[in-house]
Amino acid sequence: MTRSDKEVSLKKLDPASAERAWKTFRGSIGIVAIQTPRQYEQTVAFMNQLSDFVGENERHPLAGLLDLVGELVAAYESRRYPVVDLARHAKQLKGFTARVPKVEHIRAGRYKRQGRA
């Protein structure tokens, strides 16, 4: 079966109901999209508490919430602290240094060693 053959079953969105649920959730949990370092710190603290509570139990009722909060934290971290691909930069640097002509370093103004009197 192709994807077009399958019917995707979505619950019809009721905007008023979704807004009420979101306001309740946001008010009781305090989780929002992370935009600031302060929100990040608060979200990480909440995630740690949630992780202590849920533990390794993937069937815990709050395991899905822990996954979502973890995704929020990971998304913020990837925006704030992008990972540098060192292998790619090393290849670029190697290619750059291969094109730079070699220059011999000559000590300017060599001084004769003075003997003792």
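- In this structure, CG on L62 lies 11.0 Å from CG on D67, to the nearest 0.5 angstrom.
- Atom CD of E71 is separated from atom CE of M47 by 11.0 Å, given to the nearest 0.5 angstrom.
- F25 CZ: more than 12 foreign heavy atoms inside a 6.0 Å radius.
- Interatomic distance, CD of E56 versus CD of E58, reported as 8.0 Å (0.5 Å rounding).
- A donor-acceptor distance shorter than 3.5 angstrom exists from the side chain of T24 to the backbone of R20, with no hydrogens or angles considered.
- Separation of atoms CG (D52) and CG (L66) is listed at 10.0 Å; rounding is to 0.5 Å.
- Applying the 6.0 Å contact sphere to CZ of R38 captures no more than 12 heavy atoms from other residues, nucleotides or ligands.
- Clustering ILVMFWY residues whenever any of their side-chain heavy atoms sit less than 4.5 angstrom apart, transitively, puts V44 in a cluster other than the one holding L68.
- A side-chain contact (heavy atoms from CB on, under 4.5 Å) with L65 holds for exactly one of I31, L50, V54; it is L50.
- For the atom pair CD (E77) and CD1 (I34), the distance works out to 8.0 Å, reported to the nearest 0.5 Å.
- Residues that satisfy the salt bridge (charged side-chain N to carboxylate O under 4.0 Å, His left out) test with K23, not counting sequence neighbours, are E19.
- Pairing each heavy atom of T36 with each of Y76, the nearest pair is C-OH, 3.6 Å.
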